[in-house]
S.K.: 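Encoded as structure tokens, here's the structure I'll be asking about.
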Number of protein chains: 2
Amino acid sequence: MRIGVIGGGQLARMMIPPAVELGVELRVLSESEGSSAILAATAVGDYRDAETVLAFAREVDVVTFDHEHVPQEVLAALLAEGVVVRPSPAALAVAQNKLVMRERLTALGVPCPDWARVESADDLAAFLADHGGAAVVKTPVGGYDGKGVRVVHDASEVADWFSLGGPLLTEELVSFRRELAQLVARRPSGEVAVWPVVESMQRDGVCAEVIAPAPSSVGAIADMACDIATTIAEKLDVTGVLAVELFETTDDRILVNELAMRPHNSGHWTIDGSRTSQFEQHLRAVLDLPLGATGTHREWTVMVNVLGGPIGAALTDRYASAMADQPTVKFHGYGKEPRAGRKVGHVTAIGDELDEVVYQARAASAFFEG
Amino acid sequence: MRIGVIGGGQLARMMIPPAVELGVELRVLSESEGSSAILAATAVGDYRDAETVLAFAREVDVVTFDHEHVPQEVLAALLAEGVVVRPSPAALAVAQNKLVMRERLTALGVPCPDWARVESADDLAAFLADHGGAAVVKTPVGGYDGKGVRVVHDASEVADWFSLGGPLLTEELVSFRRELAQLVARRPSGEVAVWPVVESMQRDGVCAEVIAPAPSSVGAIADMACDIATTIAEKLDVTGVLAVELFETTDDRILVNELAMRPHNSGHWTIDGSRTSQFEQHLRAVLDLPLGATGTHREWTVMVNVLGGPIGAALTDRYASAMADQPTVKFHGYGKEPRAGRKVGHVTAIGDELDEVVYQARAASAFFEG
């Protein structure tokens, strides 16, 4: 069994451990020699080049992804040669373009914020007028970690984006209590596995902290989150892991914010907190193997991202003090150079008392700041 | 931080996942291209050749081992060049030769079976006469998984070994209730971490099943096992993981059977059952990083080895049926060709009811037989 991953970031990197444990061969097509998943990087090349990707794909049983950026033309070339691609290009198309995503989810009856496709400043001004003078504007493609997203009160604030041509997505500024994320996995034969819904805290548009399960999420909220993610996975025929970022609104609705059809930052807690990690599950799902149990080891798991990282030092240089302080915490480094705002690692704490678990995870991550 | 492992078997292989998670670089000097740890095998060569090992060792911060077979002359050459070797060659010498092991442990006051160094059939006949006419005879070096060990009732049964020259080790045939194993880790600065003592079941001299913790092992037995392993680690200045195989005798004593100064089959359960696996702990210990917590996720963890493996098939070919049957079990494949008696993988179940956990692990492993 040989899996090929396109993209060599930390998500591909974190697929290596379960591949090694399972005895499944993992190959990675990386953008550069210095990538996070360099250990398994059997090829280095441009994922936008069909020949490069085809040469890589011919040597594996199934192709999957570290990111959503492989162009549809390249994906079409893979399908034309009979390569097994999971998730499928048709499903991926929905995750690649936020306008397409809103159209498809709305057609499926999945609850979304009010949204509109805006082609011009006038379109946006009309949307603003209808929504209390404030809205979120997003570039349909290429955004991540808060990039390509702006809160605006006037259409002029995205004049630069309009000047590039092409439509933009605008959405109501949702009044939400908190952000949630629902992770599911689905295999081609149809089986779906669901982890508990989690609370995700953002800082500057980047995921900073995840609490699993989301506190007070039993009952209606958990059911809605699970239904939404399962519906999306099934109706869009997603295979592999699907992460659905959600708003829990102040008027008790659950609305879809974003989708990712791959392992996702909101699921890193599963490595240490769940019977089956999202990375193991993704491998099992794309191989069409039965999915693993998604129960948790303890009542609570808290994951804190290491953002930026120690200035002028490697993450591992701080291990001696951090590990001495927090012997129960698990430490994860992505082998990336620390840089402002960059995700260079994460820490995870598990236990049965939420206050203690939050304290341990935050205390451990503090050793890597500045 | 760069660790070099000499030997490319499944123990080196299972160090890869925690190295990737921690963001620590692992390099492996493997005996062959087809080794179990091939993913991290940065060099292929003979561990008995000082030049080969030195060239490998110069590029890493610390050298450690997948096995005990590196000759002392090669280890001395590493020390002479200032290479950091953990465990130290002086400690390893005790694990490399069973006669040396018995001499050192006896000098330390650690309880062992009655034993003698026998140079001839007459020596052995005398030992047999003193021990009810039965004894165990072992070759001092090179034995593993039951090889180099014979139960004898007459000195002629090891005439072939005597004919090779050199002394043999003979030991009383211990009347034991069961076999236990105590795993500890120690770092150069002195910190020791202890996992619960486990019960280890052998089949044809090979570890077949491990139950963690050993049932009914609270109190005196657990204390004795812990004291013995900690004493050995400290007095022999062992760094990294130390596994001590023990007999629980029918007259309530705990005697040392064998030692291994590296991760050990009796500790594979820690990958899925403990906060810190023996492989992560070994990396932390040889890097002199603080050791991780050794608590367990659930009351019970049961590990069953896959011995031999499916005839004419890869382990992974049976995953579809095994995983469907046992969704909570974790599956581990070593990337080795199935062959009679060979350890090609293991499965682990965790839970709070021992009968269920044993059932799940055995049921899962049964899918890989024949």
Side-chain angles (χ1 to χ4, degrees), chain A residues 1 10 13-26 36-40 42 189 191 193 271-273 275-276 280 284 287-298 314-317 319-336 344-345 350-351, chain B residues 1 10 13-26 36-40 42 189 191 193 271-273 275-276 280 284 287-298 314-317 319-336 344-345 350-351:
Chain A
M1 292 180 181
Q10 66 260 31
R13 179 189 181 93
M14 286 185 271
M15 292 179 203
I16 299 172
V20 170
E21 293 294 355
L22 288 170
V24 160
E25 192 181 340
L26 194 76
S36 205
I38 191 66
L39 186 64
T42 48
S189 57
E191 186 191 3
I271 299 173
D272 302 303
R275 288 289 185 100
T276 306
E280 178 184 345
R284 288 166 77 142
L287 288 169
D288 201 16
L289 286 172
L291 302 179
T294 53
T296 59
H297 290 311
R298 296 298 178 99
L315 196 70
T316 49
D317 293 346
Y319 274 175
S321 44
M323 288 174 170
D325 196 64
Q326 296 298 330
T328 62
V329 165
K330 306 318 292 179
F331 295 85
H332 300 264
Y334 305 155
K336 292 160 77 175
V344 296
I350 68 174
Chain B
M1 292 183 182
Q10 66 260 29
R13 180 188 179 95
M14 288 186 268
M15 293 180 202
I16 299 173
V20 170
E21 294 293 354
L22 289 170
V24 160
E25 192 182 339
L26 195 77
S36 206
I38 192 67
L39 186 64
T42 49
S189 57
E191 187 190 3
I271 298 174
D272 302 303
R275 289 289 185 99
T276 306
E280 177 184 345
R284 288 165 77 142
L287 288 168
D288 201 15
L289 286 171
L291 302 179
T294 52
T296 59
H297 290 312
R298 295 299 177 100
L315 196 70
T316 50
D317 293 345
Y319 274 176
S321 44
M323 288 175 171
D325 195 63
Q326 295 299 330
T328 62
V329 165
K330 306 317 294 179
F331 296 86
H332 300 263
Y334 306 155
K336 291 159 80 174
V344 296
I350 67 173

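Chain identifiers are assigned alphabetically (A, B, ...) following the order of the sequence lines, protein sequences preceding nucleic acid strands; residue numbering begins at 1 within each chain.
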S.K.: Chain B: which of A:Ala314, A:Ser36, A:Gly333 shares the most heavy-atom pairs with it under 4.5 Å?
M.R.: A:Gly333

S.K.: By a 4.5 Å heavy-atom criterion (distance strictly below it), what part of A:Gln10 contacts chain B: side chain, backbone, both, or neither?
M.R.: neither

S.K.: Side chain, backbone, both or neither: which part of B:Arg13 has a non-hydrogen atom closer than 4.5 Å to chain A?
M.R.: both

S.K.: Below 4.5 Å from any heavy atom of chain B, which atoms of A:Ala322 appear? Answer side chain, backbone, both or neither.
M.R.: neither

S.K.: Starting at CG of B:Leu289, measure out to CE of A:Met323 and round the result to the nearest 0.5 Å.
M.R.: 5.0 Å

S.K.: Side chain, backbone, both or neither: which part of B:Ile271 has a non-hydrogen atom closer than 4.5 Å to chain A?
M.R.: side chain

S.K.: Under 4.5 Å from any heavy atom of chain B, what part of A:Ser321 do you find: side chain, backbone, both or neither?
M.R.: neither

S.K.: Examine whether an atom of B:Lys336 lies under 4.5 Å from a heavy atom of chain A, and if so say whether it belongs to the side chain, the backbone or both; otherwise answer neither.
M.R.: neither

S.K.: For chain B, find which of A:Arg284, A:Met14, A:Met1 contributes the most heavy-atom pairs closer than 4.5 angstrom.
M.R.: A:Arg284

S.K.: Quick check for you: among A:Lys330, A:Glu191, A:Arg298, which has the greatest number of heavy-atom pairs under 4.5 Å with chain B?
M.R.: A:Lys330

S.K.: Side chain, backbone, both or neither: which part of B:Gln326 has a heavy atom under 4.5 Å from chain A?
M.R.: neither

S.K.: Which atoms of A:Ser189 come close to chain B, meaning under 4.5 Å heavy atom to heavy atom: side chain ones, backbone ones, both, or neither?
M.R.: neither

S.K.: As an exercise: rank B:Ala324, B:Pro18, B:Gly335 by heavy-atom pairs under 4.5 Å with chain A and give me the winner.
M.R.: B:Ala324

S.K.: Considering only heavy atoms, which portion of A:Ile16 lies under 4.5 Å from any heavy atom of chain B: side chain, backbone, both, or neither?
M.R.: side chain

